[in-house]
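What you see below is based on every heavy atom in this structure, not just the backbone, and it leaves out hydrogens, waters and symmetry mates. Chain naming here is simple, since letters A, B, ... match the order of the sequence lines and numbering starts at 1 in each.
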Amino acid sequence: MRLKKWLSLTGCILAVMVFIFLLAPMLMKIDNVKEMANYIDDNDIEATALWWSEVGVVANAEMNCRNTVEYAPHNPDRQSKTDN
Amino acid sequence: MPISSKSTLSVLWKEEDWWAIWLGFIILIIGIFIFFPRAPEGMDSKIAAANSTLKSESKKAPFKTVEWYQAVDAKQNLKATGNDFAKSISSFIAVPHSWTQNPLDAFFMTKGEAETKKVKATEKYNSAKSKETEMKLAAIASQKVAETAVYKDLSLNEKAQSDILAWRDAHKSASNAKKKTKAAPYNQVLPLIGLCILLGLFFSIGAKFMGRSAGRFFIGFFFVFGLAILAYLAENQVTMKHYGIGYAAWAILFGLIISNTIGTPRWVMPAVQVEYFIKTGLVLLGAEILFGKIISIGIPGIFVAWIVTPIVLTTTYIVGQKIIKIPSKTLNITISADMSVCGVSAAIATAAACKAKKGELTLAVGMSLVFTSIMMIVMPIIIKAVGMPQVLGGAWMGGTIDSTGAVAAAGAFLGDKALYVAATIKMIQNVLIGVVAFVVAVYWCAKVEAVEGQRVSLWEIWYRFPKFVLGFIGASIIFSTIYAYFGSDVGYVLIDHGVIRGLTKTLRGWFFCLAFASIGLATDFRELKHHFKGGKPLILYVFGQSLNLCLTLLMAYIMFYLVFPEITASI
C-alpha cells in the first residue's frame, strides 16, 4: 500500500515533467502559439501575472493613457468645432 | 451564543480576520517607511519640467511630438524602487528566476554566465540602439518639416506622426534589449531560506495569539513554503510563462498530488492555513486598488469595465441559480465573479467574502486559468483575422480575458494601441474587486445566511461580516487618499513604483501562493469530482463568458467609436 502511494507520486511527477518538457514545447511549434511566445519574450511581458501591479507594461500603458487624456495634442479641427 | 459574548474586544487578537488586518497593515506601514522618504533625487522639479513640456507640446502640434514622448519617458523613469536599499529588499523577497532546461538556473547564476549573457545582450542592444537613433533622427526631421508648414499640411502631419510612431517602436525594442544587458550573478538559495524563516515567524505570531501552536505552525510552514517555491519554479519555466500558466495552478496541482498520493504529512497540517494566508494577502491587495488611477485614465474604459462587469456578474449568478441550478450558491458567485471581474484574484476575494469551500475556489481558479490560456492565444488571432481596429480589439480583450498578464500578452500581440487600451481597461476592472468583495460579504450576511422570513439586525450583519474585508477596503481607501494627495505623478513614483512594486506585490504573491499550496494539501480529489457533476460549473462559466464577450464588444464599440471618438483618435 505504502509502495503504491509512492509509485503514484512518482507517476504524477513524471506526468508533470512530460507536460513541461515534452507536450508544451510541442504545441509551441504551432505558428500562432510560437508567434505569441515571441511577443511575450520580445516585450518582456509577465504573461502569468494575475494583477495589474505584476505587469511592467501596464504601468507604461497607464502613464501613456493618463498623459493622453491630460495633455491631448491640440487638434485645430476639434478646436474650431468647439469654438463654434 | 448571545451577541454580547460574541463581541468582546479579545476578538481583535484572537480571530484570524483581525490578524490578517494587523499583519497586512504592518507590511504596508513598513513599505511606507521604506519608500516614502526615498524619492528619486530632484523628483518634483523633474515632474514639473516634464509636465510643462507636455503642456506646451500639446498646444503646439495636432499630434504627439518627439518632445511629448520624451517628457512621458522622463516621468516614467522616476521610480522609488531605483535606490540600492529598495533593490536589496526586492532581491531578498524575490521569487525564483526564469529558466529553460535546468531548474538550478532559477536559483544560481555565476559571474561567468552573467558575463556571457551580458555580452550577448549588449550586442543586441547596440544594434537596437543604433536603429532607434536612426528612427529618432528621421522622426525629428519629419516633425520639423510639418512644423515649417505650421502643421497645416495634413500629409506632412501624417508623415511626421507615422515616423514618430516608428521611432517609438524602435525605442521600445531598445529599452527591452537594454534590460537584458543588466544580467548580474545571483544566488537565490540563502535569501529564500531567510524569507521562509522570516515569514514563518511573522505568521507564527498570529497563530500563537489565536490559540494555535506557534512551534508546530513554524515547522509545518517550511513544507508549505517549499511547495510555494516549487510552484514559482514551474511558473518561471520559459514555456510555462509563454502559456501563462502561473503559480496558482502549480501550487494547487503540487498540493493535490501530495495530498492524494502519499498524503499530507501530519506535521505539516498546522501550517496549512488557507484562509490566514489568503486574507493577509487580500489586505495587501487592497492597497493596490487605487481609485485615483482609474479616474485619470479615461471615461470610455470606465464605461466598458464598470457597466458590463456588474451586468455579467449578476446575470450569470441569477442564471446559475434559476436555470442551471448550481447546488452551491458560494460556488456560483465565485465562478461568476472570477469570470466577470479579473479571474483568480476576484475568485480569491469573493470566495473569502462568502466563505466558499476550498474545493469550490480550486474549481473556479482552475477553469479561469484554462480559459485564460486559450483566450490569450485565440482572441488576438480572431481580432487580426477580422481586421478589427486595435483600440476596439484591445478594449474587448481587456474586458474579457481574466488575468492581467494574459491581457497584456494578447494586447502586445496586436500592437501598442491595443496593449495600452487592454491593460488600462483591465486595470479599471481590477478596482471592482473591492466593491464586489464588499457587496458579496454584506449580501451573504444579510440574505444568504439568514433564516427565511427572519429580519437580520445590523448588529447581526456586523457579527457575521468577514472583518478582513474591512482591512481590504480600508487599505484601498487609505492608499487611494494618499495617492490623491500626492497626485498621479508622485503617486506613480512613491506608491506604484515604491510601496507596491517594491514590496507588497511580491509578498502578496507569496501569501497567495502559500494559500494555493495549502488548498491543494487540504483537498481530496473526490471533493472536486462532486462539484463537476453534470458539468454545471463549466456550463455556467461558458454562458457567462459568452455574455461577457458579446456585451463587452458592444459597449467598447459604443464608447470608443460613437460616444468618445476623439479620445480614441488621440490614443
Side-chain angles (χ1 to χ4, degrees), chain A residues 2 4-13 15-16 19-21 23-25 27-28 30 32-79, chain B residues 54-55 58-64 72 75-76 176 179 234-235 237 239-248 257 261-263 285 288 293 296-298 343-345 376-377 381 403-406 408-409 412-413 419-420 423-424 426-427 430 488 492 496-497 500-501 505 509 566-567 570-571:
Chain A
R2 206 181 157 89
K4 200 181 156 191
K5 285 179 176 177
W6 282 97
L7 280 175
S8 310
L9 177 67
T10 316
C12 288
I13 293 170
V16 169
F19 174 72
I20 293 178
F21 295 110
L23 286 178
L27 285 174
M28 278 290 157
I30 302 170
N32 287 318
V33 181
K34 199 178 171 185
E35 204 180 339
M36 172 63 80
N38 289 339
Y39 268 90
I40 289 170
D41 281 341
D42 292 347
N43 292 282
D44 210 10
I45 291 169
E46 301 84 347
T48 53
L50 303 176
W51 191 251
W52 68 265
S53 61
E54 295 160 25
V55 192
V57 290
V58 173
N60 301 348
E62 183 249 329
M63 175 71 101
N64 205 294
C65 287
R66 179 158 54 82
N67 284 299
T68 300
V69 172
E70 283 176 21
Y71 305 102
H74 162 77
N75 185 332
D77 292 339
R78 201 176 58 204
Q79 190 71 44
Chain B
L54 282 167
K55 204 172 176 184
S58 67
K59 283 179 184 161
K60 196 171 96 182
F63 53 83
K64 293 172 187 168
V72 174
K75 286 206 281 184
Q76 240 161 26
N176 288 331
K179 276 185 213 160
E235 175 187 270
Q237 199 278 336
T239 318
M240 296 303 103
K241 273 168 102 175
H242 291 156
Y243 286 112
I245 306 176
Y247 65 78
I257 288 175
T261 54
I262 53 170
L285 189 76
E288 297 175 33
K293 259 185 186 292
S296 62
I297 53 181
V344 177
S345 29
M376 177 180 92
I377 293 167
I381 295 171
S403 72
T404 313
F413 187 79
L419 168 64
Y420 288 165
T424 309
K426 194 79 234 168
M427 196 172 162
N430 278 178
S488 298
Y492 174 90
D496 190 345
H497 283 87
I500 294 175
R501 287 176 203 260
K505 71 137 195 186
E566 51 314 321
I567 290 183
S570 61
I571 290 171

Any idea which heavy atoms bring [X] and [Y] closest together, and the distance?
X: B:Thr239; Y: A:Pro25; value: CG2-N, 4.0 Å
X: B:Met376; Y: A:Ala47; value: SD-CB, 4.4 Å
X: B:Lys241; Y: A:Thr48; value: CA-CG2, 4.0 Å
X: B:Ala423; Y: A:Ala61; value: CB-CB, 3.8 Å
X: A:Ile45; Y: B:Gly405; value: CG2-O, 3.9 Å

- Could you tell me which of B:Phe63, B:Tyr247, B:Phe413 has the largest number of non-hydrogen atom pairs under 4.5 Å with chain A? B:Phe413
Got [X] and [Y] here, is their nearest side-chain heavy-atom distance under 4.5 Å?
X: B:Met240; Y: A:Ile20; result: yes
X: A:Ile30; Y: B:Ile377; result: no
X: B:Lys64; Y: A:Asn64; result: yes
X: B:Thr261; Y: A:Trp6; result: no
X: B:Thr404; Y: A:Glu54; result: no

Contacting region of [X] [heavy-atom separation from chain A under 4.5 Å]:
X: B:Lys75; answer: both
X: B:Gln237; answer: side chain
X: B:Leu54; answer: both
X: B:Lys55; answer: both

- Item | Chi angles and distances behind the side chain to side chain contact (heavy atoms under 4.5 Å, CB included) call for A:Asn60, B:Leu419 | CA-CA 10 Å; A:Asn60 301 348; B:Leu419 168 64; over 6 Å; no
- Once you round to the nearest 0.5 Å, how far does SG of A:Cys12 lie from CD1 of B:Ile262? 10.5 Å
- Item | B:Ser488 OG to A:Glu70 CD distance, which is reported to the nearest 0.5 Å | 6.0 Å
- Task: Give a yes-or-no answer on whether the side chains of A:Trp51 and B:Glu288 include a donor-acceptor pair shorter than 3.5 Å.
- Result: yes
- Message: Can a side-chain donor-acceptor contact be found between A:Asn38 and B:His242 if the only test is distance below 3.5 angstrom?
- Response: no
- Those residues at least two apart in sequence (or on a different chain) that pass ring pair (Phe, Tyr, Trp, His ring centres under 6.0 Å) with B:Tyr492 are B:His497
- Query: Around B:Lys179, counting heavy atoms of other residues, nucleotides and ligands shown, do more than 12 lie under 6.0 Å from its NZ?
  - Reply: yes
- Item | Heavy-atom donor-acceptor pair, B:Tyr420 side chain to A:Glu62 backbone, under 3.5 Å | no
- Keeping the roles fixed (side chain from B:Arg501, backbone from A:Val55), state whether a donor-acceptor pair exists under 3.5 Å. yes
- Task: Output all residues satisfying side chain to side chain contact (heavy atoms under 4.5 Å, CB included) with A:Asn32, sequence neighbours left out; order by chain, then residue number.
- Result: A:Glu35, B:Ile381
- Quick one: what part of A:Leu27 sits under 4.5 Å from any heavy atom of chain B, side chain, backbone, both or neither? both
- chain B heavy atoms under 4.5 Å from A:Tyr39: which part of the residue, side chain, backbone, both or neither? side chain
- Output, in order, the C-alpha distance, side-chain angles, deciding distance and verdict of side chain to side chain contact (heavy atoms under 4.5 Å, CB included) for B:Ile245 and A:Phe19. CA-CA 12 Å; B:Ile245 306 176; A:Phe19 174 72; 3.9 Å; yes
- Answer key: most heavy-atom pairs under 4.5 Å with chain B among A:Val57, A:Leu7, A:Leu50, A:Asp42 is A:Leu50
